[in-house]
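Here's the structure, in structure tokens; my notes come after.
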Amino acid sequence: MLLVSQLAGAISAGILVLVLARQAGARGKEFIGVVALVPVAVAGLLALPNVTDSAEYLLNQRQEDVALSGEEAQLQGGVLAEVDVAFIGWAGDHFTAGDTFWLTVCKGTNNAAAFQWGSFQLAPHLAVENPSEANWLIFYDCGPARYRDARHRGLEFYAPGFAVARGIDAH
Amino acid sequence: MRTDIAPFGIDLMLAIAGLGILAVAGLLPGRLSSILGALGLAYMTGAAIVPLVLAALLAVGVPLNLPLFTVIVLVCAAIGALRWRPGGAASFSISIRGPLASWRTWPTDTWIVAAFCAIFGGYWVIGLLSTAVMPLNGWDAWSIWARKAEMLTVHNSLIPGFFTSPSYGFTHLDYPLQYPIWEALHFRASGGFHTQMLPRHIWLLLATFVWAAAYLLRNDVRPVIWAPVLLLVSAAPGVWQQLLSGYADVPMAMFIGLGATALGLWLSRDNIGCLAVAAIMLAAAANSKNEGLATVGVLFLMAGAIAVSRRANVRALLVAASAVAVAVLPWRLWIAANGIQGDMPVSKGLQPGYLFDHLERVRPALEAINAQLGDQSRWLYLLPLAAMVVAASLISGIGRRIAAFYLGAFILSWAVFVWSYWISPYNLAWHLSTSVDRVVSAPMFICFVAVIHVSGMLVTTFYRSLKPEGRDSDMQVSTF
């Protein structure tokens with residue numbers, strides 16, 4: 001309804017302008033073109049305040065962002081998605097060129113974020129679907145039952161529930 | 001240093017490629033001093049056509065690298081240099097009589113253009129300062145687009161471990177590669193995957209879009225009309241905030257907007273150069289996202305209907321549409337050959353039974369889309385203003401067919417998006433919450449250009465009706 005009322009209001013405004021023009025003595029279909037002055041006037045009225053507001057927002061945003069180091073900025077997306085970016089970075093430090101990984105996210109309400117950001121942060125290393133095909137196994141917020149089978153693969157913990165283990169051909 | 005400076009070299013080269021294409025299309029002024037005015041359109045043209053060519057070559061196995069990019073740019077520039085004819089009247093310059101002419105003699109249009117450049121320029125510089133330190137935080141910005149760009153930066157082919165891997169299905173493997181290739185070119189130039197570098201180049205797109213739109217419409221719309229409207233467009237949060245999110249929706253919508261403008265100009269002036277630019281822009285839009293492909297189809301459909309009604313050169317339009325189809329074909333064939341399927345059950349969406357079974361999705365989709373279109377905190381009343389001028393045009397008959405083109409394109413693209421939510425396999429609430437604010441960008445950009453183009457036609461006719469005996473000296477300015 002809001003959109004319909006806005007459109008109706010705009011067309012009504014155009015009709016009012018036409019009525020005014022007709023009352024001023026304008027004739028012929030060309031005078032209808034006077035309606036086009038309304039968008040110009042409205043744009044002129046709204047543009048400067050909005051440019052000012054937008055510029056102010058951008059300057060304030062810069063104030064916040066300038067405090068970030070290059071590395072922090074690179075990881076900011078994961079931080080905002082509430083992913084443990086430090087663990088992902090720690091896991092990635094084990095990799096050598098060309099290594100693949102299998103990432104499993106066990107708990108939490110943000111599993112999609114953890115997997116998507118984790119695989120992004122570890123790129124260009126590639127994620128694989130099958131753990132038997134991965135050079136490294138990464139356990140993100142998992143219980144002991146999840147990584148029991150990996151104990152013989154050099155399971156290494158970053159924190160309880162956060163661990164990596166060697167997969168096939170990993171050094 | 002390389003991280004910050006070298007990617008601007010990519011932008012410069014894209015502009016050079018675009019200048020070559022514009023010269024071939026006959027849209028490049030004959031005077032060097034006037035070429036500055038065409039730079040915005042040149043950049044958008046280069047940013048459209050070069051990734052298109054690279055994407056097609058990738059699909060057939062040609063490796064992506066900077067030497068290949070350079071060759072493509074040089075070919076475009078060389079062809080344009082052969083075609084370009086120096087001389088002729090200045091078509092895009094500030095008319096100043098004499099090198100030390102008093103500013104008091106500047107025509108009104110020149111003052112307006114100068115004021116626009118000062119205001120928009122200041123705004124853009126502030127945005128550049130902000131984007132110089134801005135991280136790339138938008139979810140799809142890093143998860144889909146920058147991720148694909150990184151793969152194209154590290155590898156020079158469509159490696160199966162990523163581009164066909166089910167592990168990465170969430171990145172919409174069927175999405176075309178226009179935007180990731182554009183990003184990857186910048187990453188390659190910077191020497192690494194530095195995502196913080198990207199927002200400043202994304203911000204450049206705002207300037208080049210505004211610049212390009214003004215240049216395309218310079219002979220049909222006076223600065224007093226396009227300047228405030230383009231300023232309002234650039235300040236609309238639905239434009240700049242979305243642009244800086246790093247998602248592909250607004251860049252795609254910019255190609256849509258410029259393509260629609262060029263199509264509208266072709267319909268009104270039968271300028272083949274405009275049709276060529278339209279084809280390039282719309283091919284880029286179709287190669288950006290699947291929504292772009294749908295909107296491009298709608299634009300050509302409406303242009304065809306208007307062209308038939310005007311007995312315009314329909315054959316030329318068919319050639320342009322075919323060129324767009326050929327441009328997007330390599331990617332479509334590649335995903336088909338690799339068994340990659342899109343999310344949308346398009347064939348089911350044409351079955352009455354399926355549509356009836358999912359009828360309950362229509363009303364929420366309609367309400368959500370209309371709520372976004374009616375959110376004037378984002379779009380600053382540009383849609384109601386477009387409705388006003390389009391209605392005036394339809395009633396008066398001044399530029400009626402052009403207005404009908406924009407109106408039909410807007411309504412049909414709106415209908416396509418309602419249909420897409422209708423047939424979508426996703427949970428509707430989730431799908432709407434994560435996308436509806438973005439999908440309206442493409443129809444809104446059609447709306448923006450409608451406001452400018454149709455207002456221009458109406459005001460010109462109105463002005464001429466007031467001064468039928470001739471034009472005064474103020475109007476004899478070379479328009480910007």
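First the proteins, then the strands, lettered A, B, ... as listed; each starts at 1.
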Pick from A:Leu80, A:Leu75, A:Val38, A:Asp65: which one has the most heavy-atom pairs with chain B under 4.5 Å? A:Asp65

Run the numbers on B:Leu380 and A:Asn50 for side chain to side chain contact (heavy atoms under 4.5 Å, CB included), then give the verdict. CA-CA 9 Å; B:Leu380 305 183; A:Asn50 281 282; 3.4 Å; yes

Contact class of B:Leu244 relative to chain A, heavy atoms under 4.5 angstrom: side chain

A:Gln116 side chain vs B:Ser143 backbone, donor-acceptor pair below 3.5 Å: no

Any side-chain to backbone donor/acceptor pair from A:Gln74 onto B:Thr195? Under 3.5 Å, distance only. yes

Heavy-atom proximity to chain A below 4.5 Å, by part of B:Gln196: both

Which pair of non-hydrogen atoms, one from A:Gly77 and one from B:Asn137, has the smallest distance, and what is that distance? N-OD1, 3.5 Å

Going from CD1 on B:Ile395 to CG on A:Leu18, what distance comes out if it is rounded to the nearest 0.5 angstrom? 7.5 Å

Selection from A:Leu2, A:Val34, A:Leu45 maximising heavy-atom pairs under 4.5 Å formed with chain B: A:Val34

Counting heavy-atom pairs under 4.5 Å with chain A, the top scorer among B:Met457, B:His194, B:His155, B:Met388 is B:Met388

At what distance, to the nearest 0.5 angstrom, does CD of A:Gln61 lie from CD of B:Gln241? 9.5 Å

So, the part of B:Val451 with a heavy atom under 4.5 Å from chain A: the answer is side chain

Out of A:Ile11, A:Leu103, A:Leu7, A:Val51, which one racks up the most heavy-atom pairs below 4.5 Å with chain B? A:Val51

If you tally heavy-atom pairs under 4.5 Å against chain A, which of B:Arg147, B:Gln376, B:Met134 wins? B:Arg147

In terms of heavy-atom pairs under 4.5 Å with chain A, which of B:Ala141, B:Gly122, B:Pro135, B:Ala132 leads? B:Pro135

Check against ring pair (Phe, Tyr, Trp, His ring centres under 6.0 Å), A:Trp117 and B:Trp139: CA-CA 9 Å; A:Trp117 176 266; B:Trp139 187 301; 9.4 Å; no

Which region of A:Ser119, side chain (C-beta onward) or backbone (N, CA, C, O), has a non-hydrogen atom less than 4.5 Å from a non-hydrogen atom of chain B, or is it both or neither? both

Side chain, backbone, both or neither of B:Ala146 within contact of chain A (heavy atoms, under 4.5 Å): both

Can you tell which of A:Pro49, A:Ala81, A:Ala123 has the highest number of heavy-atom pairs within less than 4.5 Å of chain B? A:Ala123

What part of A:Ile15 is in contact with chain B, defined as an atom under 4.5 angstrom from a non-hydrogen atom: side chain, backbone, both or neither? neither

Output the distance between atom CZ (A:Arg62) and atom CG (B:Leu128), rounded to the nearest 0.5 Å. 9.5 Å

With only heavy atoms counted, which part of A:Leu46 is less than 4.5 Å from chain B, the side chain, the backbone, both or neither? both

Quick check: does any side chain N or O of B:Ser130 sit under 3.5 Å from a backbone N or O of A:Leu59, one acting as donor and the other as acceptor? no

Toward chain B, the part of A:Trp102 with a non-hydrogen atom under 4.5 Å: neither

Output the distance between atom CG (A:Leu58) and atom CG (B:Leu129), rounded to the nearest 0.5 Å. 9.5 Å

Any donor and acceptor pair, going by atom type alone, linking the side chain of B:Tyr168 with main-chain N or O of A:Ala127 inside 3.5 Å? yes

Hey, mind stepping through B:Leu383 and A:Gln6 against side chain to side chain contact (heavy atoms under 4.5 Å, CB included) and telling me if it holds? CA-CA 9 Å; B:Leu383 175 53; A:Gln6 289 170 354; over 6 Å; no

Looking at every non-hydrogen atom in both residues, tell me the closest pair between B:Ala392 and A:Ile32 and how far apart they are. O-CG2, 3.6 Å

Nearest heavy-atom contact between B:Val389 and A:Ala36 is CG1-CA, 4.0 Å

Working note: A:Thr52 + B:Tyr123, criterion side chain to side chain contact (heavy atoms under 4.5 Å, CB included); need CA distance, chi angles, decisive distance, verdict. CA-CA 8 Å; A:Thr52 307; B:Tyr123 169 55; over 6 Å; no

Interface residue of largest heavy-atom contact number with chain A, from B:Ile452, B:Ile126, B:Thr3, under 4.5 Å: B:Ile126

With a 4.5 Å cut-off on heavy-atom pairs, point out which of A:Ala8, A:Ala113, A:Ser12, A:Gly44 contacts chain B the most. A:Ala113

I'd like to know whether CD of A:Glu82 has more than 12 heavy-atom contacts from other residues, nucleotides or ligands below 6.0 angstrom. no

Shortest non-hydrogen contact from A:Val42 to B:Leu385? CG1-CD1, 3.8 Å

Can you tell me how far the CH2 atom of B:Trp142 sits from the CD atom of A:Gln76, to the nearest 0.5 Å? 12.5 Å

Ring center gap for B:Trp240 and A:Tyr57 short of 6.0 angstrom: yes

Below 30° counts as parallel, above 60° as perpendicular, anything between as tilted: where do the rings of A:Phe120 and B:Phe193 land? perpendicular

Rounded to the nearest 0.5 Å, what separates atom CD in B:Gln372 from atom CG in A:Leu3? 11.0 Å

Sort out for me which of A:Gly9, A:Pro39, A:Gly14 touches chain B most, counting heavy-atom pairs under 4.5 Å. A:Pro39

Could you tell me which of B:Val233, B:Asn370, B:Thr131 has the largest number of non-hydrogen atom pairs under 4.5 Å with chain A? B:Asn370

Per-residue contact mode, B:Trp379 against chain A (heavy atom under 4.5 angstrom): neither

Residue part contacting chain B, namely of A:Leu126, when any heavy atom lies under 4.5 Å: both

